[in-house]
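Below, read A as the first sequence line, B as the second, and so on, with proteins coming before strands; counting in each chain starts at 1.
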Amino acid sequence: GAVVSQHPSWVICKSGTSVKIECRSLDFQATTMFWYRQFPKQSLMLMATSNEGSKATYEQGVEKDKFLINHASLTLSTLTVTSAHPEDSSFYICSAAHTSGGRGYTFGSGTRLTVV
Amino acid sequence: DQQVKQNSPSLSVQEGRISILNCDYTNSMFDYFLWYKKYPAEGPTFLISISSIKDKNEDGRFTVFLNKSAKHLSLHIVPSQPGDSAVYFCAARGNAGNMLTFGGGTRLMVKP
């Protein structure tokens with residue numbers, strides 16, 4: 001089956017530093033990847049849609065200069081949280097779409113980011 | 001504007017009984033609906049989906065019902081097992097693209 005690998009699974013960083021999260025589709029090509037953010041006991045909120053070879057599309061309220069997304073290949077998308085602050089602490093999840101239908105959305109295992 | 005809502009934040013069910021999780025939506029342009037199961041600190045795992053042209057889809061212990069006129073869908077789990085305890089999210093896809101809109105989730109607890 002389709003597998004999406006997300007790395008790292010957890011990271012602690014100091015305020016002001018940048019953190020890169022990788023999302024890889026292991027056995028399929030993902031022309032579109034999605035980045036979500038989940039606050040404790042809340043739903044998954046779509047941050048941006050990442051298309052291979054083009055600029056990401058950000059949802060309203062998401063700062064594109066703070067959350068840099070790069071989708072340079074059909075198997076890799078990265079999210080970089082720049083100049084991280086404690087309020088950026090959250091659970092970030094990527095998802096890749098590879099076919100139409102329910103099983104066409106495969107999620108990564110998530111990254112727990114804690115900014116201290 | 002929450003386009004997908006799960007009004008019950010939690011549900012407790014006895015093992016062996018039926019679990020019914022509900023989801024309401026407002027956008028009539030959604031063409032596909034999905035249910036995901038999620039454990040803490042893990043990504044969601046796909047459970048079952050249904051196209052807007054159908055009213056029922058069944059897969060083992062899981063059945064999803066869609067009532068388009070009421071803009072309501074539900075997930076039935078029968079019989080419920082302790083291993084089903086998790087947070088369940090319903091999600092909807094708009095026909096304009098591949099993005100999913102998630103409900104707020106319902107925490108299911110199945111007691112042995």
- [ ] Using heavy atoms and a sub-4.5 Å threshold, report which of residues 44-60 of chain A line up against chain B, by residue number.
- [x] A:Leu44, A:Leu46, A:Glu59
- [ ] Select all residues of residues 69-80 of chain A having any heavy atom within less than 4.5 Å of some heavy atom of chain B, and report them by number, or 'none'.
- [x] none
TODO: Determine whether the aromatic ring centres of A:Phe107 and B:Phe46 lie less than 6.0 Å apart.
DONE: no
TODO: Keeping to residues at least two apart or across chains, list the ring pair (Phe, Tyr, Trp, His ring centres under 6.0 Å) pairs with something in residues 55-82 of chain B.
DONE: B:Phe65-B:His76
Task: Output field: ring centroids A:Phe91/A:Phe39 closer than 6.0 Å - done: no
Open item on the list: Could you tell me if B:Tyr32 and B:Ser49 have a donor-acceptor pair between their side chains, going purely by distance under 3.5 Å?
Closed with: yes
Open item on the list: Are A:Leu26 and A:Arg24 packed together at the side-chain level, in the sense that at least one heavy-atom pair is separated by less than 4.5 angstrom?
Closed with: yes
Task: Residues B:Glu15, B:Arg17: salt bridge by 4.0 Å N-O rule - done: no
Open item on the list: Nearest 0.5 angstrom please: B:Ile50 CD1 to B:Leu66 CG, how far?
Closed with: 5.0 Å
TODO: Inspect the contact between B:Lys71 and B:Asp24 and indicate whether a charged nitrogen and a carboxylate oxygen are less than 4.0 angstrom apart.
DONE: no
Open item on the list: For the NZ atom on A:Lys64, are there more than 12 heavy atoms of other groups (residues, nucleotides or ligands in this structure) within a distance under 6.0 Å?
Closed with: no
Task: Heavy-atom side-chain contact between A:Leu113 and A:Cys13 under 4.5 Å - done: yes
- [ ] Could you point out which residue of B:Leu21, B:Ile18, B:Leu47 forms a side chain to side chain contact (heavy atoms under 4.5 Å, CB included) with B:Ile77?
- [x] B:Leu21
Task: Residue pair B:Lys68, B:Asp55: steps toward the salt bridge (charged side-chain N to carboxylate O under 4.0 Å, His left out) verdict - done: CA-CA 8 Å; B:Lys68 282 188 68 177; B:Asp55 55 19; over 6 Å; no
TODO: Would you please go through residues 100-108 of chain B and name the residues with a non-hydrogen atom below 4.5 Å from one of chain A, in numerical order?
DONE: B:Leu100, B:Phe102, B:Gly103, B:Gly104
- [ ] Would you mind checking which part of A:Gln6 comes under 4.5 Å of any heavy atom in chain B, side chain (CB onward), backbone (N, CA, C, O), both or neither?
- [x] neither
TODO: Answer yes if the side chains of B:Ser69 and B:Asn67 hold a donor-acceptor pair under 3.5 Å, and no otherwise.
DONE: yes
